[in-house]
S.K.: 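Have a look at this one before I ask anything.
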There are 2 protein chains.
Amino acid sequence: MPPANMVPPARFSAQARLRALQSDIMELILERELEAGDALPTENELCVALGVGRNTLRESLKVLQALGVIEIRHGFGMFVAPSNFEALADGLIFRGRLSLRHHGLEALQLVDVRQALESGLIGSAMDVMTAEELAAIEAAVVRMEELAASGEAFMEAASDFHSRLFAPLNNELLLNLLGVFWRVYRKIHSEIGPDGEDLVALAALHRNIFTAVAAGDKAGASEQLTRHFDGIRRRIREAVGE
Amino acid sequence: MPPANMVPPARFSAQARLRALQSDIMELILERELEAGDALPTENELCVALGVGRNTLRESLKVLQALGVIEIRHGFGMFVAPSNFEALADGLIFRGRLSLRHHGLEALQLVDVRQALESGLIGSAMDVMTAEELAAIEAAVVRMEELAASGEAFMEAASDFHSRLFAPLNNELLLNLLGVFWRVYRKIHSEIGPDGEDLVALAALHRNIFTAVAAGDKAGASEQLTRHFDGIRRRIREAVGE
DNA sequence: ACCGTATCGGATGTCCCATGTCCTCCGGAC
DNA sequence: GTCCGGAGGACATGGGACATCCGATACGGT
């Protein structure tokens, strides 16, 4: 028996304790009314405050960092982080790649969710879209067409196009989520091989989407988006079918 | 030691190294063609294989566990995990609570995303809904009405109702995502105080949704859902406005 | 022969210590 | 006033020791 060491509350599983530790840290942030950008106590101070060892604490800290709750700057300190979905992307990318070895189920489900979001929200976005934002979207289309004409891949430009479509909604959470989906798709795309797709046709598809948006044709925009996603699904199925 | 002893590749930031380590672990899983449920090498084996210390490795391992990539069982081993979004929920709950101290921005954005998903997908769900599934939905409504009549809160039943609405789509990713949103909302709800809402009215609202779904009225179902979310938004604004 | 219990081995959990690395800040030199 | 370099603080990494937990095997009672 340990000599009056401390309360060994080992009655609960280690998993629960670690989760509790993470919650404790988050509670501490909320209690002290820290805001995004504020500094947290140092590791040693947290060790004392929470009554755990530095390693155990660091494991929780790393998790919170991955969750986008805190930001750790080597040699300086830890801070409450701004919104961040990087970690979610990594997890989804892994799941998507794992699913590709089977029937691509998760990858296809991901496309479904993305389609629901984009097709469902394009109408709302069009309602509040300004002329400047519309111009930025067209600029993205033009960039895609230029790249397509020179035979270069334009993942970057396409991502930009989709982002700008929904920027008017002013919903960072949504943009983050779509950004994550995009990163996952991009990774999966590079996984299933160099595209045998027609870049020019793909650019034209995006031009169609823009045209519908510019014309205020909500149903048309939604339909064009749906067609786009059908193409993505087809590609995934082909890759898995092999 | 094996290879990487003499090159402490500190030329990249520590953050990048940790991310790389996580990627390495995931790559290792994919390379060895491990599937959900399969065991990973032990910590010591991974230390040797990846050329890092046990502490460093464990920090990455904990992150992967939080991301739902792996499952760690104390005293037994580590395994490739089935889909799991618990961690994402924790991160979002924290963000939501943090935002409530200001203007509830993130909380409201979360509702917007959820509305886009539910209102946008209800039509598709109705297309493939079977009679059994429809009956299950009605059962959930009945349970809500019973609880409302006796004055009890019915978060549980309401959550069940929404889950069953989209179960026909057979999209686990979507259900997970909605489940996460629901948990966040539930936590925030308990944060902003005991509801001053009329349970009976809320149950009636869900009954309306069911009626529209049962009648095959897609537009009506979507509209009822939108009304429901308007109520949620109003509640959040009231809580923040105080 | 069967079954519950006891022990064992392996794996993870927790912690401490030592050292390396990075960042910011401050003070001196130009 | 500006720039550069040292000092100090804080996080990063690695190793070791011990505690805890779980599954499996071996033992002894029935």
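Quick caveat, the model's predicted, so the values are computed rather than measured.
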S.K.: Could you tell me how far apart R54(A) (CZ) and dC11(D) (C1') are, to the nearest whole angstrom?
M.R.: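 For the pair R54(A) CZ and dC11(D) C1', the rounded distance is 7 Å.
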
S.K.: Going by heavy atoms closer than 4.0 Å, what residues in residues 55-71 of chain B are next to DNA chain C?
M.R.: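 Contacts with DNA chain C under 4.0 Å: N55(B), R58(B), K62(B).
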
S.K.: Heavy atoms only, 4.0 Å cut-off, all strands: where does G53(A) land among base, sugar-phosphate and nothing?
M.R.: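 Answer is sugar-phosphate: G53(A) comes under 4.0 Å of backbone atoms only.
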
S.K.: Could you tell me how far apart L21(B) (CG) and dA12(D) (P) are, to the nearest whole angstrom?
M.R.: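 Going from L21(B) (CG) to dA12(D) (P), I get 14 Å.
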
S.K.: Please assess L57(A) against I25(A) for the test side chain to side chain contact (heavy atoms under 4.5 Å, CB included), listing each intermediate value before the final yes or no.
M.R.: CA-CA 9 Å; L57(A) 175 72; I25(A) 298 171; 4.0 Å; yes

S.K.: How long is the line joining CG of L50(A) and C1' of dC15(C), in whole Å?
M.R.: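 Result: 15 Å.
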
S.K.: If I take atom CZ in residue F76(A) and atom C1' in nucleotide dC22(C), what distance separates them, rounded to the nearest angstrom?
M.R.: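 Result: 12 Å.
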
S.K.: Does NZ or CZ of R73(B) fall inside the cone over F79(B)'s six-membered ring, less than 6.0 Å from its centre and within 45° of the axis?
M.R.: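 Relative to the ring axis of F79(B), which defines the angle, R73(B) lies inside both limits.
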
S.K.: Under 4.0 Å between a side-chain nitrogen and a carboxylate oxygen: does that hold for R97(A) and E27(B)?
M.R.: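 Salt bridge flag = yes for E27(B) with R97(A).
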
S.K.: Donor-acceptor check, side chain of N176(B) to backbone of E172(B), threshold 3.5 angstrom: yes or no?
M.R.: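 Indeed, once roles are kept as given, a pair shorter than 3.5 Å links the two residues.
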
S.K.: Measure from NE2 on H74(B) to C1' on dC18(D) and round the result to the nearest Å.
M.R.: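 That distance rounds to 12 Å.
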
S.K.: Around atom CD of E133(B), are there more than 12 heavy atoms of other residues, nucleotides or ligands at under 6.0 Å?
M.R.: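 Atom CD in E133(B) is crowded, with more than 12 foreign heavy atoms closer than 6.0 Å.
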
S.K.: Rounded to the nearest angstrom, tell me the gap between atom CG in N44(A) and atom P in dC16(C).
M.R.: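 N44(A) atom CG is separated from dC16(C) atom P by 10 Å.
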
S.K.: Could you check D38(B) against R32(B) for salt bridge (Lys or Arg N to Asp or Glu O under 4.0 Å), going step by step and ending with a plain yes or no?
M.R.: CA-CA 10 Å; D38(B) 288 351; R32(B) 301 197 180 182; over 6 Å; no

S.K.: Nearest whole angstrom, please: distance from the P of dG10(C) to the CD of E45(B).
M.R.: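 That distance rounds to 12 Å.
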
S.K.: Nearest whole Å is fine: how far is dG15(D) P from E43(B) CD?
M.R.: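 Nearest whole value for this atom pair: 14 Å.
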
S.K.: Between R73(B) and dG23(D), is there a contact of a side-chain N or O with OP1 or OP2 at under 4.0 Å?
M.R.: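 Yes, such a contact exists.
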
